[in-house]
Amino acid sequence: MVFPDLDTLKEGATLLIDKPYEWTSFDVVNLIKRRTKAKTGHAGTLDPLATGLVILCTGKFTKKLQEFSELGKTYEGIIYLGAHRPSYDRETEIESTNDISGITEEQIQESAKTFIGEQLQMPPIFSAIKKDGIRAYKKARKGEHIEMTARKINIIDFVIKKVELPMVHFEVSCSKGTYIRSLAFDFGKSLNSKAYLHELRRTKIGLYDVKNAFTVEECIESIADQKMKQNNKPD
């Protein structure tokens with residue numbers, strides 16, 4: 001793929017970005033917006049501790065953001081069995097553990113099959129969902145009690161790729177609005193165990209693949225090269 005020129009970005013373009021670990025989706029948006037001065041938005045927030053595909057739209061293409069947000073997602077990751085973290089991922093410390101010596105690979109494989117299909121899922125309290133006008137994670141970090149509301153989601157496929165206890169490697173395809181952290185938590189419960197999401201990477205949004213995405217470094221380099229060429233143009 002060829003990185004769009006600055007004029008095209010200001011007019012309107014779609015960008016596939018491979019979000020780095022510990023970056024927020026808004027960090028990626030702000031990088032492009034700040035360096036190109038183009039109106040920029042993103043479709044589908046990805047947690048800071050996750051990596052992978054984020055779709056950005058610039059200029060008049062920002063009208064397409066809702067369309068992209070409706071697309072299904074595919075993720076690869078690792079669930080850690082036998083330990084609980086309040087955020088359901090590595091953002092918070094381990095609060096409790098349990099013995100997993102009795103859990104077999106056959107049980108893990110069978111459990112994954114039970115999650116396929118439409119269902120109600122409870123979002124994690126450490127999420128960007130607003131409660132009383134405030135992001136839930138802000139209340140959670142203060143230790144405030146939060147009542148979350150279950151949402152309808154659809155797990156299209158849930159494949160266990162490798163079991164190396166306590167690590168369970170998986171790939172999941174799902175509808176928009178699915179929290180993979182909650183899936184990890186619920187997966188543990190189905191095995192009478194605690195669990196959290198140890199690692200996550202979004203590989204696809206609809207037919208868009210992270211293999212075709214630009215890294216942040218490639219974005220910075222392409223924009224800098226274009227600006228240099230513009231500045232060196234003869235009057």
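All of these numbers come straight from a predicted model, not from anything done at the bench.
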Exercise. Run through Lys39, Lys37, Lys60 and flag the one making a side-chain contact (heavy atoms from CB on, under 4.5 Å) with Lys10.
Key: Lys37

Min side-chain heavy-atom separation [X]-[Y] under 4.5 Å:
| X | Y | result |
| --- | --- | --- |
| Ile32 | Arg35 | no |
| Val216 | Asp27 | no |
| Gln121 | Arg151 | no |
| Phe187 | Phe158 | yes |
| Ile79 | Leu183 | no |
| Glu218 | Phe3 | no |
| Val210 | Leu16 | no |
| Val54 | Arg202 | yes |

Give a yes or no on whether the backbone of [Y] and the side-chain of [X] come within a donor-acceptor separation of less than 3.5 Å.
| X | Y | answer |
| --- | --- | --- |
| Asp99 | Ser101 | yes |
| Lys19 | Pro48 | yes |
| Ser175 | Asn154 | yes |
| Ser173 | Ile156 | no |
| Thr36 | Leu6 | no |
| Ser25 | Leu46 | yes |
| Lys73 | Leu71 | yes |

Will you find, in the side chains of [X] and [Y], an N or O donor that is under 3.5 Å from an N or O acceptor?
| X | Y | value |
| --- | --- | --- |
| Ser193 | Asn98 | yes |
| Thr40 | Thr58 | no |
| Asp225 | Ser222 | no |

Which pair of non-hydrogen atoms, one from [X] and one from [Y], has the smallest distance, and what is that distance?
| X | Y | answer |
| --- | --- | --- |
| Cys174 | Ile180 | SG-CD1, 4.1 Å |
| Ser69 | Gly44 | OG-N, 4.0 Å |
| Thr149 | Met122 | C-SD, 3.8 Å |

Quiz item: Are Leu65 and Leu56 joined in one hydrophobic group, where the rule is that I, L, V, M, F, W and Y side chains link up if heavy atoms are under 4.5 Å apart?
Solution: no

Quiz item: Between Tyr75 and Ile160, is there a shared hydrophobic cluster once you connect ILVMFWY residues whose side-chain heavy atoms come closer than 4.5 Å?
Solution: yes

Quiz prompt | Residues which pass side-chain contact (heavy atoms from CB on, under 4.5 Å) with Glu164, listed by chain and number, not counting sequence neighbours | solution = Lys162, His169

Self-check item: Which residues share a side-chain contact (heavy atoms from CB on, under 4.5 Å) with Asp5, sequence neighbours left out
Solution: Asp7, Thr8, Gln226

Quiz item: Does the side chain to side chain contact (heavy atoms under 4.5 Å, CB included) test come out yes or no for Gln119 and Ile153, once each step is laid out?
Solution: CA-CA 6 Å; Gln119 59 205 267; Ile153 62 158; 3.7 Å; yes

Practice problem: Would you please classify the geometry between the Phe185 ring and the Tyr88 ring as parallel, tilted or perpendicular, with 30° and 60° separating the classes? | Solution: parallel

Practice problem: Output yes when Arg201 and Asp18 qualify as a salt bridge under the 4.0 Å nitrogen-oxygen rule, no when they do not. | Solution: yes

Self-check item: Residue pairs involving residues 12-31 (criterion ring-ring contact (aromatic ring centres under 6.0 Å, His included); sequence neighbours excluded)
Solution: Phe26-His42

